[in-house]
Protein chains: 2
Amino acid sequence: MITISDIAKLAGVAKSTVSRYLNGGSVGEATRKKIERVIEETGYSPNKFAQSLKAKKTNMIGTIVPRLDSFAASQTLIGIDEQLRALNYQLIISNSSQSLEREIENIYTLANQKVAGIILLATEITESHIEALRKVQIPIMLVGQQHEEYHSLIHNDYEASYELGKYVLENGHRRIAYLGVTERDVAVGVNRKKGFQKAVAQQSGCDVRYFETSFKIEDSINIVPEIMKDFHPSIFVCATDNIALGALKAAHIMGLNVPKDLSITGFGGYDITKITFPGITSAKFYYKEAGNVAAKNLVQLVNGEELKKVSLSRYKIIERESVDKMMD
Amino acid sequence: MITISDIAKLAGVAKSTVSRYLNGGSVGEATRKKIERVIEETGYSPNKFAQSLKAKKTNMIGTIVPRLDSFAASQTLIGIDEQLRALNYQLIISNSSQSLEREIENIYTLANQKVAGIILLATEITESHIEALRKVQIPIMLVGQQHEEYHSLIHNDYEASYELGKYVLENGHRRIAYLGVTERDVAVGVNRKKGFQKAVAQQSGCDVRYFETSFKIEDSINIVPEIMKDFHPSIFVCATDNIALGALKAAHIMGLNVPKDLSITGFGGYDITKITFPGITSAKFYYKEAGNVAAKNLVQLVNGEELKKVSLSRYKIIERESVDKMMD
DNA sequence: CTGAAAGCGCTTACAG
DNA sequence: CTGAAAGCGCTTACAG
């Protein structure tokens, strides 16, 4: 373990001079050369803890994710990592395993580690969240959900869903099963549903029924056949790609041809939806890009710069083969 | 920011006493009570940096992953996280984006952050890797690949592949395309191939051809039709599930019925392989469990305990519907 | 441009 | 059981 004192001694200068050299202060040419050489030779690198202890801040950014094994989370993380690296920050990923409690815990733990800021990939924002965020007093970026008190980057769930709804309707579907999730998740449960409802409201003669399932593929596999029996829709409009994946599997199990016998749409644009057979039409979000933006925004916050309260990320309807064109 | 001095003052004792209280040293009953109360009231929690600066070690464990968006990596990470949390260590995830260079960089960065140990989800182990690992002098666990100098946890690629090969042969397949990857990846490129070859060697009348592709689904989608044209195997034995996923997509594009016209096997047991149509027969590895073990092992190393050089993780052949039973 | 000194928040011998 | 002091490796005014 080689320290700043060693460098100072070897270079024949004071510690403070080495420190100044390290931090871009004014150092004479000759001194600079000497220090440079010694550092080069020794492979010295400053002790982060000592630095942080003085500076009372770090270059670490914490990101709390609800789960590590989801396409959306992974891609967002990749985007955050990419950007943070470019900005010279170190990313710390903290997994909450879909436990709201652990999410809160992680906020405190990260604060305790003196991260410069926190990115929260949010699902639900409860009172305890707000309480924790208020207490820790650290710059925060919310991703995926919004809250009036904090800065956020959200996906354009409402509009994307509206547009996807129009697409479904334009293709002649009238008997529709909408397969959503809990409304406690405002982005996915509420906004996607509302966007879709807006599209439906503009079209007469629709028979739309709303159902609720979980985020798990398995649950979707199970509920779809039941709905088919009772309601017999021509299409399932699913609130996430995982739900759509389950619907597709269910269709195959029932021996139904997709899209002829049953159409399906997803939401999210997970990579896997282009690999399935048939490919699934979906509203794609650019998660990686969103991660980029979230990271950039947070660093602005950390630097005390101005930032608008909410940023919107891009989306695009990806048309594939899972929706029957009933008009033809 | 409340410090140990504040607590000491409020409790009317010396800093050293508070420190002793915190670290389980001997403290009188009355003193203990007082300190306890003050800490409770203030919500004090010690500054990690100051602690680490003194102790010269931390409770952080670094994990370097080649990518964040792979089933294997995510699951392993979840397992590591789970175990580390239980053992009171903090996980730092470091993404190398499939760049060997960045992997090396990350080793140094983590060392610089004074992590107590490093888990490396390895793909290739080059001389630079070894050099870096030697330099940083930190306990290391390799996952997925092995090296005589370091402790590792490996998947049983060889045996799993042997068994899967036997299964394929038992089902009557003789004209077989083996779709592997670069041999620089010893685990996936070499061991899986060798295991399969062993099975083939025990069966006469086989026409097996070996092909190489990348880890990308797209490349597999492209190469499979070419192979079909030239060779026309009854089955593709794929070195990873992603490759199998590509083969399945290619089959659908070619209008082939799987498994009747073309059979497919995968490797890894990714969740998605049970959702596809048909479900893909695959050699499943228990990644999460492997992560658990790797974490536990590393902590043993950190604590200076004995540990056998290499641990093997479990596997299981998962039979689904993608292999035609030609014997019937 | 350069150096001596103080201090960041802890822990650890060492006395008592 | 308890406290005063030194020290971990840095940075930051302050002099010169």
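Everything quoted here is computed from the prediction, not taken from an experiment. Letters go in sequence order (proteins before strands), and every chain restarts at 1.
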C:dG16: pairing nucleotide in any strand, Watson-Crick or G-U under 3.5 angstrom: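 Matched C:dG16 with D:dC1 under the 3.5 Å cut-off.
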Which nucleotide sits closest to the side chain of [X]: [options]?
X: A:Asn23; options: D:dC10, D:dT11, D:dG7; value: D:dT11
X: B:Gln51; options: C:dC10, D:dC8, C:dC1; value: C:dC10
X: A:Leu53; options: D:dT11, D:dT2, C:dC8; value: C:dC8
X: A:Ala14; options: C:dA13, D:dA6, C:dA4; value: C:dA4

Using a cut-off of strictly less than 4.0 Å, decide whether A:Tyr21 has a side-chain nitrogen or oxygen near OP1 or OP2 of D:dC10. no
Phosphate-side-chain proximity, B:Thr17 and D:dG3, N/O vs OP1/OP2 below 4.0 Å: yes
Which part of the nucleic acid does [X] contact within heavy-atom distance under 4.0 Å: base, sugar-phosphate only, or nothing?
X: A:Thr31; result: sugar-phosphate
X: A:Ser19; result: base
X: B:Ser26; result: base

Have [X] and [Y] got a donor and an acceptor in their side chains that come within less than 3.5 Å?
X: B:Gln145; Y: B:Asp185; answer: yes
X: A:Gln90; Y: A:Asn59; answer: no
X: B:Asn106; Y: B:Ser96; answer: no

Heavy-atom side-chain proximity of A:Ile118 to A:Ile64 below 4.5 angstrom: yes
Examine the base of C:dA4 for any acceptor or donor lying under 3.5 Å from a partner atom in the side chain of A:Ser16, and report the outcome as yes or no. yes
Length of the CD1-C1' vector between B:Ile4 and D:dA6, whole Å: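 Rounded to whole Å, this separation is 15 Å.
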Whole angstrom is fine here: how far is it from NZ in B:Lys9 over to P in D:dT2? 20 Å
If you assign B:Arg32 and A:Leu22 each to the DNA chain D nucleotide with the nearest heavy atom, which residue ends up on the more 5' nucleotide? B:Arg32
Start at the 5' end of DNA chain D and walk down; is the nucleotide closest to B:Gly28 or to B:Lys54 reached first? B:Gly28
Strictly under 6.0 Å, is that where the ring centroids of B:His155 and B:Tyr287 end up?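 Between B:Tyr287 and B:His155, which both carry aromatic rings, the centre distance is below 6.0 Å.
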